Amino acid sequence: MIDKLLFEKLKSNFTEAFWFIKTNKVRTFLTALGIIFGVASVITMLAIGNGAEKEILAQLELVGVNNIVVTPIPDKKDEESDTEGTENEENESKRFSKGLDIIDSESIKNNIPSVKLVSPEIILDTYVINNGKQNSVKLIGVSPFFFISSNISLEKGKMFSNYQISNALPVCIIGKKVEKKLFTGESALGKQIKVKDVWLQVVGVIEEKLISDKAQENLGIRDLNQDVYVPIKTFLVRYKDRKVIVDKPNVRRGNQNGPKKKQPRGNYHQIDKLTVQVANSNELKATAEVLSKMLKRRHNDVLDFEITIPIQLLKQQQKTKQIFNIVLSIIAGISLLIGGIGIMNIMLASVLERTKEIGIIRAIGATREDVILQFLSESILISVGGGIIGIITGILGAYIIEMASGIETVLSANSVLLSFFIAVIVGLVFGIFPAKAAANKRPIEALRSE
């Protein structure tokens with residue numbers, strides 16, 4: 001019985017509140033603008049934050065977990081000044097580096113306990129021919145550990161066998177886009193493709209990986225779907241081995257009277273990239289330091305390589321984005337706060353306008369609780385209406401931002417529910433003071449007012 005009476009009272013109050021809001025549409029809409037923009041801002045900012053989080057996780061998957069990347073620095077033309085002394089020339093000429101090579105990768109695996117696996121890569125920009133079609137590709141010489149360190153799985157076929165690797169057989173695994181270009185509508189498995197001057201048999205096709213242009217630029221990641229992979233020994237035997245071709249000492253040339261110039265060796269490194277995967281993420285930094293000292297010693301104290309830890313770069317990027325999202329969320333929260341203050345101001349003005357009405361309903365038997373409930377109903381309805389419009393605006397805003405700027409946004413039910421819940425709470429909290437102000441008016445004084 002009591003529940004039924006309470007329900008009828010709530011129904012009556014909300015019906016009265018709806019009627020009052022309907023008769024003051026413009027003022028109600030202006031009152032709700034703060035809530036609308038606040039809710040829309042919260043949803044949009046959380047969508048941008050979720051999109052950034054998704055992008056970071058995708059990039060982490062691309063670079064691999066606990067990876068350290070070593071890249072060679074090719075020798076560049078270095079003209080020495082006229083003032084350089086003969087002694088300095090002689091000292092520098094003695095510093096000869098063999099460059100980054102396969103032996104380095106084996107030494108790292110055998111001598112650093114924290115290293116789980118080592119994956120060397122050799123990269124060659126070339127072309128592939130099949131059925132008269134020629135396309136540009138990157139030919140990548142890899143070890144079997146490359147597919148593990150790069151989180152690459154095969155869509156069909158199988159990995160290189162030990163027999164194929166040890167005998168440098170002309171076999172390859174190709175990216176999905178290569179298969180689509182060369183074998184439209186059919187499988188590439190078992191087929192022959194001519195990469196540069198060598199015929200290779202396709203033994204596998206990797207699963208297509210979605211790699212954004214931004215990820216390729218920021219992390220130096222290739223589009224793995226457009227590469228052709230061969231065993232590293234096959235690459236060295238059948239294509240090119242820089243260690244054999246250009247492994248020769250620096251030669252200084254110049255006329256007798258003029259300054260001597262150091263002739264560049266070009267890219268004398270046997271491999272183009274070395275991925276070192278550490279067993280424990282806590283050992284990444286320490287392993288990188290040991291790795292740097294080890295390679296520097298092996299390269300005769302010549303710093304002709306660069307070491308990066310992609311996961312640390314991504315974590316720093318993630319931290320920056322989180323701070324940015326927090327700032328934007330605070331701004332969105334301020335919008336909601338301003339919206340709540342707007343509701344309170346309008347409701348206080350409404351109390352002053354309706355003083356006589358309050359006196360009448362109090363005189364005919366309405367209690368203070370009834371008056372409070374009446375004005376709270378109005379503020380809550382304004383907040384709920386503003387919240388619903390804000391949700392629609394926020395969803396549209398997130399979609400427009402993604403379409404206009406290319407920033408990925410991810411909407412979630414939690415962000416929508418959270419923003420709507422906050423809007424209702426704001427309406428409730430900021431409606432309490434005006435409601436109490438109305439309820440505290442004495443009926444006789446209220447009836448006397450004009």
Side-chain angles (χ1 to χ4, degrees), residues 62-64 67-81 84 88-109 111-112 115 118-126 138-143 146 149-150 215-222 227 232 235-236 239-253 260-278 284-314 316:
L62 290 174
V63 300
N67 283 354
I68 300 171
V69 177
V70 184
T71 51
I73 303 174
D75 192 15
K76 296 179 180 179
K77 191 172 183 180
D78 181 20
E79 296 189 0
E80 300 178 358
S81 64
E84 185 176 15
N88 289 336
E89 292 177 0
E90 291 176 354
N91 289 336
E92 189 173 345
S93 66
K94 294 178 182 177
R95 296 179 60 192
F96 173 80
S97 171
K98 64 184 181 59
L100 202 63
D101 58 16
I102 299 295
I103 300 174
D104 283 333
S105 66
E106 294 172 355
S107 181
I108 291 167
K109 182 67 177 73
N111 294 291
I112 304 180
V115 171
V118 181
S119 170
E121 299 173 44
I122 308 176
I123 304 170
L124 176 65
D125 288 311
T126 184
K138 286 187 183 294
L139 180 67
I140 317 294
V142 298
S143 73
F146 166 79
S149 65
S150 301
Q216 293 181 50
E217 181 181 351
N218 293 345
L219 301 172
I221 301 172
R222 303 184 309 273
D227 294 342
I232 199 163
F235 189 103
L236 295 173
Y239 287 94
K240 187 175 183 180
D241 187 347
R242 298 191 200 101
K243 192 173 181 65
V244 173
I245 296 173
V246 299
D247 191 2
K248 56 185 178 180
N250 292 338
V251 178
R252 292 177 176 273
R253 295 178 182 173
K260 294 182 179 179
K261 297 179 180 180
K262 178 182 175 183
Q263 299 300 317
R265 297 169 65 195
N267 188 1
Y268 56 90
H269 300 271
Q270 187 182 35
I271 60 179
D272 296 302
K273 183 178 178 182
L274 191 60
T275 302
V276 180
Q277 190 171 90
V278 179
L284 272 170
K285 188 175 181 180
T287 304
E289 291 175 357
V290 173
L291 185 59
S292 178
K293 292 177 182 178
M294 178 180 178
L295 289 176
K296 194 173 180 181
R297 186 179 68 251
R298 291 181 58 84
H299 293 202
N300 198 21
D301 286 332
V302 176
L303 193 63
D304 57 352
F305 58 88
E306 183 180 18
I307 296 177
T308 56
I309 306 177
I311 193 170
Q312 289 188 351
L313 297 175
L314 287 172
Q316 183 60 41

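Quick caveat: nothing in here was measured; it's all calculated off a predicted structure. When a residue number appears, it is its place in the shown sequence, counting from 1. Heavy-atom basis, side chains included; hydrogens, waters and symmetry copies ignored.
Inter-residue side-chain proximity for Ile112 and Val278 is flagged as unmet; no heavy-atom pair is nearer than 4.5 Å. Between Thr71 and Thr308, the closest side-chain pair of non-hydrogen atoms is not below 4.5 Å. In this structure, Arg242 and Asp272 have side chains that are in contact, with non-hydrogen atoms separated by less than 4.5 Å. Counting heavy atoms from C-beta outward, Ile140 and Ile123 have side chains that approach closer than 4.5 Å. In this structure, the side chains of Tyr268 and Lys98 stay at 4.5 Å or more apart for every pair of heavy atoms.
Side-chain N or O atoms of Ser150 include one that pairs as donor or acceptor with a backbone N or O of Phe146 at under 3.5 Å. No side-chain donor-acceptor contact under 3.5 Å links His299 to the backbone of Ser97.
In this structure, CD in Gln277 is found 9.5 Å from CG in Leu284, a value given to the nearest 0.5 Å. The CD1 atom of Ile102 lies 3.5 Å from the CD1 atom of Ile232; values are rounded to the nearest 0.5 Å. Note: Ile307 CD1 to Thr287 OG1 = 10.5 Å, rounded to the nearest 0.5 Å. Atom CG of Leu124 and atom OH of Tyr239 lie 8.0 Å apart (nearest 0.5 Å). The line from CG of Leu295 to CD1 of Ile108 is 4.5 Å long, rounded to the nearest 0.5 Å. For the atom pair Arg298 CZ and Leu100 CG, the distance stands at 9.5 Å (nearest 0.5 Å).
Checking each of Asp104, Asp241, Asp101 against Gln270 for a side chain to side chain donor-acceptor pair (under 3.5 Å) leaves exactly one that passes, namely Asp241.
Looking at every heavy atom in both residues, Ser149 comes nearest to Asn67 through O-ND2, 3.0 Å. Nearest approach of Pro72 to Lys273, heavy atoms of both residues: CD-N, 4.3 Å. The shortest non-hydrogen separation linking Ser105 to Leu274 is CB-CD1, 3.5 Å. Across Glu121 and Ile271, no two heavy atoms sit closer than the pair O-CB, 3.5 Å. Here the closest heavy-atom approach between residue Val118 and residue Ser143 is recorded as O-OG, 4.0 Å. Contact record, Met294 with Ser107: CE-OG, 2.7 Å, taken as the closest heavy-atom pair.
The pair Lys138-Asp125 meets the salt-bridge criterion, since a charged nitrogen lies less than 4.0 angstrom from a carboxylate oxygen.
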